[in-house]
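Below you'll find the structure, written out as structure tokens, and then a few comments.
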Amino acid sequence: MPLKLYNSLTRQKEVFEPINAPYVGMYVCGPTVSGESHLGHARPFITFDVLYRYLVHQGYKVRYVRNITDAGHFEEEGKQAEDKIATKAILEKLEPMELVQKYTHLYHWAMEQFNNLPPSIEPTATGHIVEQIEMIKKIIADGFAYEANGSVYFDVIKYNDVYSKKNQPYGILSGRNIEDQLETTRELDNQDEKKNKVDFALWKKAPAEHIMRWQSPWGEGFPGWHIECSAMATKYLGKQFDIHGGGMDLQFPHHECEIAQSTVCNHEMPARYWVHNNMITINGRKMGKSYNNVVKLSELFDGSHPILTQAYSPMTVRFFILQSQYRGTLDFSNEALQASEKALKRLMEAYEWLKAQSFTNNTSATDAALDKQLVTWVNELGEFMDDDLNTAKVVANLFEIAPLINSLKDKHIAADAISGASWSFAQKQLILFIENILGLKVVDGANQVQLHGVIQLLIEIRSDAKSRKDFATSDKIRNQLMDMGIQIKDEKDGEVSYSLA
RNA sequence: GGUCGGGUGGCCGAGUGGCUAGGCAGAGCUCUGCAAAAGCUCCCACAGCGGUUCGAAUCCGCUCUCGACCUCCA
């Protein structure tokens with residue numbers, strides 16, 4: 001079955017066919033590194049990481065470009081601080097690039113924590129000022145942009161007039177029509193510079209206090225908010241590429257403007273498949289700076305946010321996100337994360353046990369129905385991924401399989417109930433889906449060898465105590481280990497195992 | 001105001017005409033010195049009101065209600 005993706009442009013699921021297989025070009029809008037990443041930022045990067053992994057698994061040679069927006073209104077951080085001294089301190093102590101560097105590091109650290117694969121290319125906006133200026137020059141030359149008082153604006157009305165005739169009006173992606181926008185767009189600064197209020201900036205003249213500024217044919221200034229993605233996508237992926245991804249909130253105006261700019265420059269719709277992830281909400285409301293309801297990733301990982309009762313590992317957060325399909329909103333709460341944490345633990349323990357087994361292919365199934373059921377569940381993993389990355393259903397099936405694994409382990413089912421070949425198949429596929437595609441990894445603590453030895457020793461002492469019916473001692477060991485997050489499990493066969501919380 | 005998308009059991013969350021979603025929490029049972037873990041069973045939900053249909057959470061209409069975008073935003 002082929003992979004189907006929901007294309008925002010056509011508003012339907014479409015079979016994914018690359019322009020030039022086996023090569024696939026994918027561009028995903030990265031973060032603005034003017035502040036620390038929050039939970040909301042995690043969703044697109046995890047979603048598109050899974051898409052990237054899945055495309056690679058399918059044999060495509062993927063060039064995954066994810067930018068870093070490090071140009072723009074970076075004086076905002078200073079402005080937010082009301083205390084003038086604090087503002088000054090920030091301004092004096094942090095160079096803009098220092099700020100950018102700091103948050104870029106934090107962002108990279110978070111991506112690594114989430115086990116997101118690094119993109120093939122991670123271009124920065126400030127590193128591509130030249131390309132952006134060239135693009136703007138081209139748009140002006142073609143008559144779709146104009147200079148006004150040191151700034152350059154894109155002529156949306158003209159674009160719409162011309163490209164409506166080519167079935168690509170402005171608003172094609174977001175489903176807006178220009179008349180509505182003319183009525184509803186709010187008044188902004190420098191409105192008088194624009195021919196029309198729907199026009200957007202390609203280049204902005206830098207006011208005296210603006211720190212980040214570059215020389216351009218139109219004077220000192222900085223690039224507009226939309227041109228960087230167009231310039232970098234074109235440079236690294238060509239005039240038309242396969243997938244353009246990002247959060248739903250970028251659909252308009254950001255992606256709409258990208259389409260307009262790139263189409264004028266390159267005479268082609270920049271991307272064929274536009275994929276948008278939905279928002280993470282908190283109490284039903286989008287998580288965002290303006291709502292003052294963000295939970296930063298660092299707060300999540302150390303449990304310091306007031307609404308959290310504990311810290312959550314990056315893998316728990318990843319799993320939480322994968323338990324839903326990317327196009328739906330996902331409502332965040334401490335309770336929901338707790339559920340994910342427990343579920344992930346149960347899943348991974350079953351998985352790790354299965355992974356460590358070796359199966360021989362020569363045993364046949366004594367329970368044919370069960371054998372068939374297992375194979376079906378395993379086969380469905382790929383089908384669900386193909387259906388617009390339905391990781392929620394993939395995870396659901398993993399939880400159908402997990403009890404079967406535990407039943408084999410605890411001998412609730414016969415060792416030969418399911419054939420060795422089927423178990424072997426399941427083992428291989430679970431490694432593929434859990435680790436390589438969903439990107440879930442087993443969290444290893446430090447000093448595993450020594451810790452393991454110490455725990456084994458305690459287990460032995462406890463067993464001796466138990467055999468003497470000295471339950472006071474055995475319970476003391478078990479309970480105190482439990483308090484430290486080490487759980488002792490007396491298995492059916494008399495063996496004792498443990499797991500780390 | 002305009003455009004668009006939702007309302008699923010205590011919580012999170014799949015599901016576009018008939019077949020168990022899944023997880024967490026809760027209840028019972030098995031196992032166990034007692035627990036825990038694990039397994040099994042139960043908890044039969046689809047905002048409301050109409051309509052279409054043999055049959056609707058799923059299609060249509062209306063009502064209520066929540067949200068997103070329209071300004072930077074993942």
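Computation of the quantities below employed the complete heavy-atom set of this structure, encompassing side-chain atoms and omitting hydrogens, waters and symmetry-equivalent molecules. Naming: A, B, ... by sequence-line order, numbering from 1 per chain.
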Completion exercise
5' to 3', nucleotides 31-36 of chain B under a 4.0 Å protein heavy-atom cut-off (B base, S sugar-phosphate only, - none) gives S-BBBB
Answer with yes or no whether the side chains of [Y] and [X] bring together a donor and an acceptor at under 3.5 Å.
| X | Y | value |
| --- | --- | --- |
| Tyr312(A) | Asn334(A) | yes |
| Asn379(A) | Thr376(A) | no |
| His226(A) | His255(A) | no |
| Tyr351(A) | Glu435(A) | yes |
| Tyr326(A) | Asn390(A) | no |

Problem - Residues, nucleotides or ligands: over 12 heavy atoms within 6.0 Å of Lys489(A) NZ - result: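 Yes, the 6.0 Å shell around NZ holds more than 12 heavy atoms from other groups.
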When we call it a touch if two heavy atoms are under 4.0 Å apart, what does [X] touch: a base, just sugar-phosphate, or nothing?
| X | answer |
| --- | --- |
| Tyr291(A) | sugar-phosphate |
| Ala396(A) | base |
| Glu349(A) | nothing |
| His38(A) | base |
| Met248(A) | nothing |
| Gly284(A) | sugar-phosphate |

Between [N] ([atom2]) and [X] ([atom1]): distance, integer Å:
| X | N | atom1 | atom2 | value |
| --- | --- | --- | --- | --- |
| Leu322(A) | A14(B) | CG | P | 12 Å |
| Lys345(A) | A37(B) | NZ | P | 8 Å |
| His254(A) | C73(B) | NE2 | P | 7 Å |

Check whether the ring centres of [X] and [Y] lie less than 6.0 Å apart, and answer yes or no.
| X | Y | result |
| --- | --- | --- |
| Phe301(A) | Trp109(A) | yes |
| His105(A) | His108(A) | no |
| Tyr52(A) | Phe45(A) | no |

Just to confirm, is there a sub-4.0 Å distance from OP1 or OP2 of [N] to any side-chain nitrogen or oxygen of [X]?
| X | N | value |
| --- | --- | --- |
| Lys342(A) | A25(B) | yes |
| Asn390(A) | G15(B) | yes |
| Arg346(A) | C24(B) | yes |
| His412(A) | G39(B) | no |
| Arg285(A) | C66(B) | no |
| Asn277(A) | A74(B) | no |
| Ser174(A) | C70(B) | no |

Minimum-distance nucleotide to [X] side chain [options: [options]]:
| X | options | result |
| --- | --- | --- |
| Ser407(A) | A14(B), G39(B), A74(B) | G39(B) |
| Phe252(A) | C69(B), A14(B), C24(B) | C69(B) |
| Asp410(A) | C73(B), A38(B), A14(B) | A38(B) |

Exercise for the section: Determine, for Phe48(A) and Arg66(A), whether the Lys NZ or Arg CZ falls below 6.0 Å from the six-membered ring centre while staying within 45 degrees of the axis. Expected result: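 The answer is no, since Arg66(A) fails at least one limit relative to Phe48(A).
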Problem - Ala71(A) versus Ala125(A), closest heavy-atom pair with distance - result: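 The answer is CB-CB, 4.2 Å.
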Handout entry: Side-chain-base donor-acceptor pair under 3.5 Å for Lys286(A) and C73(B)
Key =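 Such a pair exists between side chain and base.
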Say we look at [N] and [M]: how far apart would their [atom1] atoms be, to the nearest angstrom?
| N | M | atom1 | value |
| --- | --- | --- | --- |
| A21(B) | A47(B) | P | 15 Å |
| C70(B) | U63(B) | C1' | 26 Å |
| G9(B) | G61(B) | P | 24 Å |

Exercise for the section: Kindly state which residues belonging to residues 329-339 of chain A come within less than 4.0 angstrom of RNA chain B, counting heavy atoms of the residue only, listed by number. Expected result: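 Listed by number, they are Thr329(A), Leu330(A), Asp331(A), Glu335(A), Ala336(A), Ala339(A).
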Exercise for the section: Give, ordered by number, those residues of residues 104-126 of chain A having at least one heavy-atom distance below 4.0 Å to an atom of RNA chain B; if nothing qualifies, reply none. Expected result: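 Of all residues in residues 104-126 of chain A, none places a heavy atom under 4.0 Å from RNA chain B.
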